[in-house]
Amino acid sequence: MWIITVHSTSNVQMFEFDNQDEAKSAFKDIKGCKYLSHVIYYNDFDLAEAH
């Protein structure tokens, strides 16, 4: 899962994406202070072993 976190003076918004391509495409269009994170849960063994 990919998360974009956007910080502004009044709030924080988070957007969730299933794949990296979607997240990177949206990341380009979002204005402001933003972070792109790849979240791997401890029980996602297939993803954890790939990294």
Side-chain angles (χ1 to χ4, degrees):
M1 171 178 19
W2 292 82
I3 304 287
I4 296 175
T5 306
V6 184
H7 295 267
S8 68
T9 56
S10 59
N11 64 4
V12 174
Q13 293 179 308
M14 298 178 80
F15 303 94
E16 182 178 312
F17 300 91
D18 291 326
N19 64 57
Q20 183 179 11
D21 294 332
E22 284 181 17
K24 284 188 174 184
S25 177
F27 190 81
K28 293 177 190 176
D29 297 331
I30 295 174
K31 303 282 189 231
C33 182
K34 57 193 177 183
Y35 301 92
L36 177 60
S37 305
H38 186 199
V39 177
I40 301 174
Y41 292 103
Y42 70 94
N43 58 351
D44 287 343
F45 298 113
D46 295 335
L47 291 175
E49 292 177 4
H51 287 81

Spatial distance of atom NZ (K28) from atom NZ (K34) [nearest 0.5 Å] | 10.5 Å
Here the pair of heavy atoms bringing K24 nearest to L36 is CG-CD2, 4.0 Å
With sequence neighbours left out, what residues match N19 under side chain to side chain contact (heavy atoms under 4.5 Å, CB included)?
-> D21, E22
Mind listing the closest non-hydrogen atom pair of W2 and A23 along with its distance?
-> CB-CB, 3.7 Å
With F27, which residues qualify under ring-ring contact (aromatic ring centres under 6.0 Å, His included), at least two apart?
-> none
With sequence neighbours left out, write down each residue that passes side chain to side chain donor-acceptor pair (under 3.5 Å) with S8, or none if nothing qualifies.
-> N11
Can you say whether the rings of Y35 and H7 are parallel (under 30°), tilted (30 to 60°) or perpendicular (over 60°)?
-> perpendicular
Begin with the C-alpha distance, continue with both residues' side-chain angles, and end with the deciding distance and a verdict on side-chain contact (heavy atoms from CB on, under 4.5 Å) for M1 and E16.
-> CA-CA 7 Å; M1 171 178 19; E16 182 178 312; 3.1 Å; yes
